[in-house]
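Here is the structure we will look at.
Note that this is a predicted model, so its numbers are computed, not measured.
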Amino acid sequence: MAEGGGEQARIIDGKAVAAGIIEQVKEARDRLMSALAVKPGLAVVLVGENPASQVYVRNKSAKAHECGFHSEQHTLPASTSEADVLALVSSLNRDPAIHGILVQLPLPDHVDEQKVLLAIAPEKDVDGFHPVNVGRLSTGAPGALVPCTPAGSVILAKSALGSDLSGLEAVVVGRSNIVGKPVAQLLLRENCTVTIAHSRTRDLPSVCRRADILVAAVGRPQMIRGGWVKPGACVIDVGINRVAAPDLGEGRTRLVGDVAFDEASTVAGAITPVPGGVGPMTIAMLMANTVTAAARAAGRPDLAAGVGATRTAA
Ligand code: GUN
């Protein structure tokens with residue numbers, strides 16, 4: 001691990017690590033096809049016209065196609081009733097060509113998110129948001145499908161630090177169900193000493209300075225400053241925030257993370273960039289979960305064993 005104090009941190013290449021996982025996914029897909037003629041199937045459901053969600057959903061469907069999956073995108077108007085969303089989920093649950101179902105969040109206000117997530121069959125819940133999968137992750141029960149961004153974040157930490165994270169201090173800033181809580185569970189499973197910090201945490205900078213692994217998942221642009229980072233730490237920036245960039249021209253924007261990258265990268269030992277860090281890993285892990293779900297449904301989990309397992313570059 002590099003010492004801090006002016007040296008540049010190693011930039012963790014999320015695109016490269018994600019490309020390695022996609023290769024594993026394609027190999028598993030080929031094994032499923034040649035042994036059992038099973039083609040993994042992913043259904044992505046978008047309700048409404050949220051522009052960021054439209055981009056995410058298009059990218060997920062395109063990657064599924066690239067992986068040789070059966071890929072379906074269901075785009076419903078914002079006015080769709082909750083009953084109609086639930087009916088679609090129910091028909092996808094029953095469809096043998098579909099092994100993974102993803103309902104893009106957020107949903108319109110009149111559709112109860114918890115009700116929809118509960119309606120997805122846990123074995124097709126490739127987001128890992130169903131309470132059954134949340135429970136499996138937290139208890140260590142077998143068969144969990146693990147949320148994609150958290151799983152990708154831990155793989156990136158291992159790519160920088162090596163596969164053994166035992167005993168390291170991990171601080172997760174943010175307590176969402178989508179990232180903060182599950183990434184904390186995964187780091188605990190890796191034998192880290194885990195702190196979940198949030199908006200009410202007292203003296204957040206000094207809590208962050210304890211971290212050997214600092215995971216930023218707050219959704220606030222560049223909130224985590226260089227001085228909050230322990231010299232040599234591994235910083236995983238989950239934030240994707242679009243901010244005004246007048247230096248690029250009037251009306252232009254750019255993507256930034258939750259970490260002030262220019263400052264933090266002179267202190268950290270390794271850091272993920274935004275874009276090109278955690279983002280590509282989320283989609284890669286979604287593909288890994290889909291091929292895993294397909295192999296389990298076919299009664300041959302061995303055909304997808306090890307897909308999405310950590311690859312250490314350290
Ligand atoms: N919205 C933001 N992140 C996610 C995600 O990982 N899955 C889904 N379904 N919706 C999201």
Side-chain angles (χ1 to χ4, degrees), residues 25 40-65 67 69-137 143-152 174 176-183 217 219 238 240 278-294 296-297 308:
V25 167
L42 174 66
V44 179
V45 178
L46 173 64
V47 187
E49 284 96 37
N50 179 314
S53 292
Q54 285 174 330
V55 174
Y56 292 141
V57 162
R58 201 179 317 127
N59 290 345
K60 288 168 184 177
S61 299
K63 189 60 81 175
H65 196 71
C67 288
F69 293 178
H70 169 66
S71 170
E72 287 181 7
Q73 186 176 324
H74 297 264
T75 307
L76 309 176
S79 58
T80 306
S81 70
E82 182 181 280
D84 284 350
V85 178
L86 291 170
L88 173 60
V89 168
S90 171
S91 81
L92 294 169
N93 281 342
R94 283 181 268 109
D95 185 342
I98 296 298
H99 306 99
I101 302 169
L102 180 145
V103 178
Q104 186 67 27
L105 305 177
L107 288 166
D109 287 345
H110 66 277
V111 182
D112 184 335
E113 191 173 295
Q114 283 306 321
K115 238 191 220 177
V116 173
L117 295 181
L118 263 175
I120 297 171
E123 65 275 15
K124 295 191 179 188
D125 168 37
V126 282
D127 257 331
F129 294 163
H130 191 288
V132 164
N133 283 317
V134 175
R136 284 174 176 150
L137 173 61
L145 286 165
V146 175
C148 304
T149 302
S176 69
N177 290 331
I178 292 182
V179 182
K181 287 179 199 165
V183 84
V238 180
I240 302 179
V278 173
M281 291 298 288
T282 297
I283 294 194
M285 296 316 291
L286 176 65
M287 301 304 128
N289 278 350
T290 304
V291 83
T292 297
R296 287 177 182 166

Mind listing the closest non-hydrogen atom pair of A297 and H99 along with its distance? CB-CD2, 4.0 Å
Please give me the minimum heavy-atom distance between V47 and P77, naming the atom from each residue. CG1-O, 3.6 Å
Decide yes or no for N59 and V55: does some side-chain heavy atom of the first lie under 4.5 Å from some side-chain heavy atom of the second? yes
One should read off an interatomic distance between T292 OG1 and M287 CE, to the nearest 0.5 angstrom, of 12.0 Å
Taken to the nearest 0.5 Å, the spacing of I283 CD1 from M281 CE works out to 12.0 Å
Any donor and acceptor pair, going by atom type alone, linking the side chain of S91 with main-chain N or O of L88 inside 3.5 Å? yes
Any non-hydrogen side-chain atom of E72 less than 4.5 Å from a side-chain atom of D95? yes
Can any side-chain N or O of N289 pair as donor or acceptor with the backbone N or O of C148 at less than 3.5 Å? no
Side chains of L76 and L46, heavy atoms from C-beta outward: is any pair under 4.5 Å? no
Any V146 side-chain heavy atom under 4.5 Å of P182 side chain: no
Pairing residues for S71 by the side chain to side chain donor-acceptor pair (under 3.5 Å) criterion, not counting sequence neighbours: none
Trace of the side-chain contact (heavy atoms from CB on, under 4.5 Å) decision for K63 with F69: CA-CA 9 Å; K63 189 60 81 175; F69 293 178; over 6 Å; no
Indicate the atoms forming the closest heavy-atom contact of Y56 with Q104, along with that distance. CD1-NE2, 3.8 Å
Considering non-hydrogen atoms only, spot the tightest contact between M285 and A151 and give its length. CE-CB, 4.0 Å
Taking atom types as modelled and ignoring hydrogens, do the side chains of Q73 and K60 form a donor-acceptor contact shorter than 3.5 angstrom? no
Do side-chain atoms of N93 reach the backbone of I120 as a donor and acceptor pair under 3.5 angstrom? no
Check whether any side-chain heavy atom of N177 sits under 4.5 Å from a side-chain heavy atom of F129, and report yes or no. no
Run the numbers on R296 and E123 for salt bridge (Lys or Arg N to Asp or Glu O under 4.0 Å), then give the verdict. CA-CA 8 Å; R296 287 177 182 166; E123 65 275 15; over 6 Å; no
Stepwise, does the side chain to side chain donor-acceptor pair (under 3.5 Å) test hold for S90 with R94? CA-CA 7 Å; S90 171; R94 283 181 268 109; 3.1 Å; yes
Drop me the distance from L107's CG to E113's CD, to the nearest 0.5 angstrom. 5.5 Å
Quick one: closest heavy-atom pair of A119 and L86, and the distance? CB-CD2, 3.7 Å
Looking only at atom types and distance, does a side-chain atom of N133 sit under 3.5 Å from a main-chain N or O of L145, one as donor and one as acceptor? yes
Within-4.5 Å side-chain heavy-atom neighbours: H74 and V45: yes
Are any side-chain N or O atoms of K124 and backbone N or O atoms of A293, one a donor and one an acceptor, separated by less than 3.5 Å? no
Nearest heavy atoms of A217 and V238, plus distance in Å: CB-CB, 4.0 Å
For the atom pair CG (L286) and CG (D127), what is the distance rounded to the nearest 0.5 Å? 7.0 Å
Any side-chain heavy-atom pair of I98 and L42 under 4.5 Å: no
Distance check, rounded to the nearest 0.5 Å: L117 atom CG versus D112 atom CG? 9.0 Å
Side-chain donor or acceptor of D125 paired with backbone N/O of H130 under 3.5 Å: yes
